[in-house]
Student: 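Okay, handing you the structure first.
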Amino acid sequence: IKNIAVLTSGGDAPGMNAAIRAVVRTGIYHGINMFGVMQGYQGLITDNIKPMDARSVSNILHLGGTILKTARCLEFKTDEGQQIAYNNLKKNDIDGLVVIGGDGTFTGAKRFSETFGVKVIGIPGTIDNDLVGSDFTLGYDTAINTVIEAIDKIRDTADAHDRLFFIEVMGRDSGCIALRSSIASGAEAVLLPERETSVNELINKLALGAATKKSSSIVIVAEGHKQGGAYDIAKKVKETFDHYDTKVTILGHLQRGGSPSSFDRILGSRLGFAAVNALIAGETEQMVGLKGNEIKLTSIREALTAHSFKLEPDLMEMTEVLSI
Ligand code: ADP
């Protein structure tokens, strides 16, 4: 393999820069010419592909976002777009591609590889932690740290005023961020897309807390919860349970930003290093991921079977026990 390109696509996640740096430097270490594609698949279509050297990735390890930018590219979903992207790869003589992104990015990469035989390795970069084949995806740990930092601040004001806060965190299909941040912040309750919780159950829990002299309460709501978002839940609770002054905070996009945690910097470095080594070893259509404390390859096809992803049952049970 002589020429490898790297791109970031879909939603950005802290730690992507650490992965880019590791990809570029590992390739150069092995005498491979390295290229960066700007704005995800969009850059393949517009031929926005730049050579990268070891210094082009200096001083980025600690930065959130992605220096290669990212985009949602509809054209890449069409046969014509895929063909143009392939022509540009050929023109630049690129024989290996590392894609950093989430399930959409992997779906596009799989199709691209199947149609044109391009060698691709995926790095799971998404704060949602919703890919099979990696216990942690890049950005997930940082997102949880950001959430608990925000909740710690909210708890101060909740406590001072005997308030009930409903805090909405990211996770349309997966309650991963909600579950872990509820444990790490000591929330009174957490509402997950994966678990049915009726408004009555929630009210009973809050009433019990009030009866046992909890001065404030924090309820974390994953945005994909079936009964609605934090505003809807807060409204329904308030109709029958009016013990506290009720407030809602939607954390939103601040969860995507910020300097990556040490965990995400190290994970990004390991995954980038492993992705290039996998290409050198002749692998394709594989995702590099962390299983236990080892970096393992999982086929992209299997990585996309996210419906089989499950939240840890012991953590789910523990949230009930530790919040009494
Ligand atoms: P994420 O990778 O974070 O899940 P998206 O779902 O937006 O983000 O996917 C990123 C990009 O991957 C899309 O903008 C598109 O260019 C490409 N993509 C997604 N699905 C497909 C598909 N079925 N065929 C080709 N490309 C796709």
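Atoms within each ligand, like the ligands themselves, are counted from 1 in listed order.
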Student: Which of the atoms in ligand 1, numbered in the order shown and given with their element, are less than 4.0 Å from a heavy-atom of Q82?
Tutor: 25 (C)

Student: Please verify the inter-ring angle class for Y140 with F136; under 30° counts as parallel, over 60° as perpendicular, anything in between as tilted.
Tutor: tilted

Student: When you measure from atom 23 (N) of ligand 1 to every protein heavy atom, which one gives the shortest distance, and what is it?
Tutor: T107 CG2, 3.5 Å

Student: Pull out every atom of ligand 1 sitting under 4.0 Å from any heavy atom of Y41, numbered as shown with elements.
Tutor: 12 (O), 16 (O), 17 (C)

Student: Counting only heavy atoms closer than 4.0 Å, does ligand 1 sit against the backbone of R111, its side chain, both, or neither?
Tutor: side chain

Student: Of all the heavy atoms in E75, does at least one lie under 4.0 Å from an atom in ligand 1?
Tutor: no

Student: Does CD in E317 sit with more than 12 non-hydrogen atoms of other residues, nucleotides or ligands closer than 6.0 Å?
Tutor: no

Student: Suppose I only count heavy atoms of C73 and a 4.0 Å limit; which atoms of ligand 1 are within that range?
Tutor: 13 (C), 14 (O), 15 (C), 16 (O)

Student: Of the protein's non-hydrogen atoms, which lies at the shortest distance from atom 2 (O) of ligand 1, and what is that distance?
Tutor: T105 OG1, 2.5 Å

Student: In this structure, are over 12 heavy atoms from other groups packed under 6.0 Å from F116 atom CZ?
Tutor: yes

Student: Given G102, S9, A85, identify the one with the heavy atom nearest to atom 10 (C) of ligand 1.
Tutor: S9

Student: For the pair K153 and E149, evaluate salt bridge (charged side-chain N to carboxylate O under 4.0 Å, His left out) and give the outcome as yes or no after the intermediate values.
Tutor: CA-CA 7 Å; K153 289 177 181 159; E149 202 186 314; 3.7 Å; yes

Student: Working to the nearest 0.5 Å, report the span between OG of S9 and CE of M16.
Tutor: 7.5 Å

Student: Nearest 0.5 Å please: distance from the CD1 atom of I49 over to the CG atom of L68.
Tutor: 11.5 Å

Student: Looking at ligand 1, is there an atom of it that comes within less than 4.0 Å of some heavy atom belonging to T126?
Tutor: no

Student: Which heavy atom of the protein is the closest neighbour of atom 5 (P) of ligand 1, given with residue, atom name and distance?
Tutor: R72 NH1, 3.2 Å

Student: Is there a polar contact, in the sense of an N or O pair closer than 3.5 Å, between D103 and ligand 1?
Tutor: yes

Student: Show the atoms of ligand 1 that are less than 4.0 angstrom away from any heavy atom in F76.
Tutor: 16 (O), 25 (C), 26 (N)

Student: Does any N or O of ligand 1 fall below 3.5 Å from an N or O anywhere on G11, backbone included?
Tutor: yes

Student: Against heavy atoms of G10, which atoms of ligand 1 measure under 4.0 Å?
Tutor: 1 (P), 2 (O), 3 (O), 8 (O), 10 (C)

Student: Report the relative orientation of the aromatic rings in Y41 and F76; use parallel for angles under 30°, tilted for 30 to 60°, perpendicular for over 60°.
Tutor: parallel

Student: Please check if the side chain of T197 supplies one atom and the backbone of L191 the other of a donor-acceptor pair under 3.5 Å.
Tutor: no

Student: Is any side-chain N of the basic residue among D79 and R111 closer than 4.0 Å to the acidic one's carboxylate O?
Tutor: yes

Student: Run the salt bridge (charged side-chain N to carboxylate O under 4.0 Å, His left out) test on R195 and E201 for me, step by step, so that the C-alpha distance in whole Å, both residues' side-chain angles and the decisive distance to 0.1 Å come before the verdict.
Tutor: CA-CA 12 Å; R195 177 164 70 187; E201 276 175 82; over 6 Å; no

Student: For atom 6 (O) of ligand 1, which of the options G104, G40, G81 provides the nearest non-hydrogen atom?
Tutor: G104

Student: Starting from atom 26 (N) of ligand 1, what is the nearest protein heavy atom, named by residue and atom, and what distance separates them?
Tutor: G108 CA, 3.3 Å

